[in-house]
Amino acid sequence: MEMNYRSSIERVAKLIKESPLFYALTGAGISTESGIPDFRSPGTGIWEKVDPFATSTVHVLHENPALFYEAGFSRFAEMIQAEPNRAHHALKQMEDHGYLKGIITQNIDSLHWKAGSRRVWEVHGHLRTCHCQGCCQRFSFEVLVEKVAGGQIPPPCPRCSGILRPDVVLFGDTMSPAFFEAEEVLRKGCDLMMVIGSSLVVYPVADLVRFARKLVIINAQETNYDYRAEVVIREKCGQVLTDIVKALEE
Ligand code: APR
Ligand code: ZN
């Protein structure tokens, strides 16, 4: 059913007001307006230039750390400089106004955290810390950046003869504790899930949609779950979320 933009915004605001257990599921598309390219947008997606399975897996991290750190690490270092955009700020406002109960994010860029959102599950990890694969000691991410920038690859642990790695979930890793926590929370009830800026092609995170009694999707491209959504808005999420906050205040 084609609804014009205004009526879609009003429909989403009404759904949010009717849904005590309202969660957001965000992907890389919410951070493109902060200057961080996503993975699968035609023409600009990172995976169009770099093959994730040849560079960003646990296997490559262990067998060919030079490739892992050369191919993917500069992207990490750029990400930590980025600032939240209107979409992140709008979600924080929805949390402050008591609508949004939490955000499940696939993003490792910490932008929900920087925008001040409090209940955030970073299911693919984050770039604030790293850990040693030998003694498991955690260090700030800067320690890793310094060592890699200084050409120490693989980056040695400051404490033992082990090797450091970022606290992100790589292809081939087990899922983070945050993922299992988020799953438990959603299992207790999710009246409405708003998916923002995700192609919903990566599992097991895309599977979390099954807990949503009602679904709203805000995404520039179509997804395999559009058929299930009450409302699909195929516009840029910065504007859309700003307009939804305004509609909630009306
Ligand atoms: N507004 C709305 N949608 C947008 C915007 C925007 N400003 N910018 C991009 N998009 C949409 C794109 O059309 C795309 O469908 O966001 C979606 C982003 O999808 P992906 O690039 O696949 O990112 P994501 O779904 O988060 O990927 C999941 O894949 O490689 C792994 O670990 C990585 O967490 C990532 C996971
Ligand atoms: Zn160590």
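In what follows, every heavy atom counts, from backbone to side chain, and hydrogens, waters and symmetry copies are set aside. Each ligand, and each atom within it, is numbered from 1 in the order the structure gives. Being a predicted model, the structure only gives us computed values, none of them experimental.
Taking both residues in full, the closest heavy atoms of Trp121 and Ala178 are given as CD1-O, 3.7 Å, listed atom of the first, atom of the second, then distance.
When hydrogens are left out, the protein atom nearest atom 18 (C) of ligand 1 is Gly197 O, 3.5 Å; that is the closest non-hydrogen contact. At the top of the distance list for atom 8 (N) of ligand 1, counting protein heavy atoms only, stands Thr32 OG1, 2.9 Å. In terms of protein heavy atoms, atom 9 (C) of ligand 1 is closest to Asp38 OD2, 3.2 Å. With hydrogens left out, the protein atom closest to atom 36 (C) of ligand 1 is Val202 CG2, 3.7 Å, a heavy atom. Protein heavy atom nearest atom 26 (O) of ligand 1, with residue, atom name and distance: Ala28 N, 2.8 Å. In this structure, the protein non-hydrogen atom closest to atom 15 (O) of ligand 1 is Asn219 ND2, 2.9 Å. Of all protein heavy atoms, the one lying nearest to atom 19 (O) of ligand 1 is Ser199 N, 3.2 Å. The nearest heavy-atom contact from the protein to atom 14 (C) of ligand 1 is Gln221 OE1, 3.4 Å.
Scanning for ring-ring contact (aromatic ring centres under 6.0 Å, His included) contacts around Phe211 gives an empty result, with sequence neighbours left out. Residues meeting the ring-ring contact (aromatic ring centres under 6.0 Å, His included) test with Phe180, sequence neighbours left out: none. By the ring-ring contact (aromatic ring centres under 6.0 Å, His included) test, Phe179 is found to be paired with no residue, residues two or more places apart in sequence or in another chain being considered.
Aromatic pair Phe73/Phe141: centroids less than 6.0 angstrom apart.
Around the CH2 atom of Trp47, the shell of radius 6.0 Å holds more than 12 heavy atoms that belong to other residues, nucleotides or ligands.
The closest heavy-atom contact to atom 2 (C) of ligand 1, among the options Glu235, Glu33, His124, Arg40, comes from Glu235. Here the shortest heavy-atom distance to atom 28 (C) of ligand 1, taken over Glu48, Gln106, Arg234, belongs to Gln106. Among Ser31, Gly29, Ala220, the residue whose heavy atom sits closest to atom 3 (N) of ligand 1 is Ala220.
Within the sub-2.8 Å shell of the Zn ion (ligand 2), the protein contributes these N/O/S atoms: Cys132 SG, Cys135 SG, Cys157 SG, Cys160 SG.
Remark: ligand 1 and Phe39 share an N or O pair separated by less than 3.5 Å (distance only, no angle test).
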Kindly indicate, with the supporting measurements, whether the criterion side chain to side chain contact (heavy atoms under 4.5 Å, CB included) is fulfilled by Val123 and Val169. CA-CA 8 Å; Val123 296; Val169 177; over 6 Å; no
